[in-house]
Number of protein chains: 2
Amino acid sequence: MLSKKTKYGLKALTFLASQPDREPVQIAEVAKQENISQKFLESILLTLRRNGFLGSKKGKGGGYYLIKEPKDIQMTSVMRVLEGPIAMVPCVSLNFYEKCDDCPNEGVCSVNKLMLKVRDANLEVYRNTTLADLIS
Amino acid sequence: MLSKKTKYGLKALTFLASQPDREPVQIAEVAKQENISQKFLESILLTLRRNGFLGSKKGKGGGYYLIKEPKDIQMTSVMRVLEGPIAMVPCVSLNFYEKCDDCPNEGVCSVNKLMLKVRDANLEVYRNTTLADLIS
DNA sequence: TATTAATCTATAAAAACTATAGGGTTAACA
DNA sequence: TGTTAACCCTATAGTTTTTATAGATTAATA
């Protein structure tokens, strides 16, 4: 299951990417337009800012805005920040590899074998999709 | 993240598929060999039996055994039974479709767009992988 | 037929994670 | 300097996942 955090984060990113100029948009505005709990969205936008996707401006006329071009934002990085590792098990993760403590031999593990394929398939999708591809 | 339920279920299936004949194997034996909490495994094997993957035999000399040939067990069905819908959001699910209540228009939803691709990629993997492919 | 070995059933507790809410702080701007 | 809106911290309700407990039921066998 995709977490609401990721879902909301993606929606917010596309919303900001769709803004004519890169004028700051207030949290409340995004929350209202996209039907998102404002407080929850607040924390999501914050992590997106901390991870270099968004900029922010305080005070009157402030808000959040996209920093990079939508075509330069790969889904790999978005998913990793919002949803966590792309691999479904740590033992097939590229960026967060960890050995399973219950599994004596990775080479003959059926879970490992299957999840390796799944990881590759997902990576293929995420690498070849940018934020620009998701805007209608 | 893959649930332990799915992980253990897959391991149990491969273990049973690796048995020379299709002699019943006791839960305790599977649990020990694969490092799985026995009672948890018990409930997993039960759902695998109820869904037509396994047969069981009670009493002395009893246990669980594979019903179908490993090459006839597609990962699509295994994953659906153990992990649930393959789609990460209900609005792109083939077998469990549901409209998002917060999303006014599926056609212009970025989450929908992305998760549709992901679903297809995963289906491709699961459809083309059988239990036989996971045995070393 | 008594015993044993195993599956079956139900429940509940513990742990982990998810989603949301409240309230105070800080920076920008008019 | 007052107002606005992002920032930050904490708490909590709710849900899901995983494990544990206790016993009932079934079938083989001696």
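Each chain gets a letter, A, B and so on, in the order the sequences are listed, and its residues count up from 1.
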Self-check item: side-chain contact (heavy atoms from CB on, under 4.5 Å) assessment of Thr130(B) paired with Met75(B)
Solution: CA-CA 6 Å; Thr130(B) 72; Met75(B) 282 306 115; 5.8 Å; no
Practice problem: List the steps and the verdict of side-chain contact (heavy atoms from CB on, under 4.5 Å) for Val78(B) and Leu131(B). | Solution: CA-CA 9 Å; Val78(B) 175; Leu131(B) 190 54; over 6 Å; no
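Following rounding to the nearest Å, Glu42(A) (CD) and dA19(C) (C1') show an atom-to-atom distance of 14 Å. Atom C1' of nucleotide dT18(D) and atom CG of Asp102(A) are separated by 14 Å, given to the nearest angstrom. Here dA20(D) presents its P atom at 11 Å from CZ of Phe40(B), a figure rounded to the nearest Å. Between Asp101(B) atom CG and dA19(C) atom P the separation is 13 Å, expressed in whole Å. One interatomic measurement links the two molecules: CG of Leu2(B) to P of dT17(D), which rounds to 11 Å at whole-angstrom precision. Taking atom CG of residue Leu46(A) and atom C1' of nucleotide dC8(D), one finds them 8 Å apart after rounding to whole Å. Rounded to a whole Å, the CG atom of Leu41(A) is 17 Å from the C1' atom of dG22(C). Atom NZ in Lys32(B) sits roughly 13 Å away from atom P in dA6(C) (whole-Å rounding).
Using a 4.0 Å cut-off between charged nitrogen and carboxylate oxygen, Asp133(A) and Lys71(A) do not count as a salt-bridge pair. In this structure, Lys39(A) pairs ionically with Glu42(A), as a charged nitrogen and a carboxylate oxygen lie closer than 4.0 Å.
Residues Leu41(B) and Val81(B) fall within the same hydrophobic cluster, defined by Ile, Leu, Val, Met, Phe, Trp and Tyr side chains chained together at heavy-atom separations under 4.5 Å.
The side chain of Gln26(A) sits closest to dA6(D) out of dA6(D), dA19(C), dT18(D).
An OP1 or OP2 oxygen of dC29(C) is reached within less than 4.0 angstrom by a side-chain nitrogen or oxygen of Lys57(A). Distances shown here put a side-chain N or O of Ser56(B) below 4.0 Å from the OP1 or OP2 atom of dC8(C). Applying the 4.0 Å criterion to OP1 and OP2 of dA5(D), one finds that Tyr65(A) has every side-chain N and O outside that range. Contact annotation: Lys39(B) does not reach the phosphate of dT18(D) (side-chain N/O to OP1 or OP2, under 4.0 Å). One finds no side-chain N or O of Arg50(B) lying less than 4.0 angstrom from the OP1 or OP2 phosphate oxygen of dC8(C).
Looking at which nucleotide of DNA chain D each of Ser3(B) and Lys58(A) is closest to, the 5′-most match is held by Lys58(A). With DNA chain C read from its 5' end, the first of the two nearest nucleotides for Arg49(B) and Gly61(B) is the one closest to Gly61(B).
Residue Lys60(A) is in base contact, counting any heavy-atom pair closer than 4.0 Å across all strands shown. Among the atoms of the strands shown, none is found under 4.0 Å from any heavy atom of Gln38(A). No engagement by Leu45(A) is indicated, since no non-hydrogen atom pair under 4.0 Å with the nucleic acid exists.
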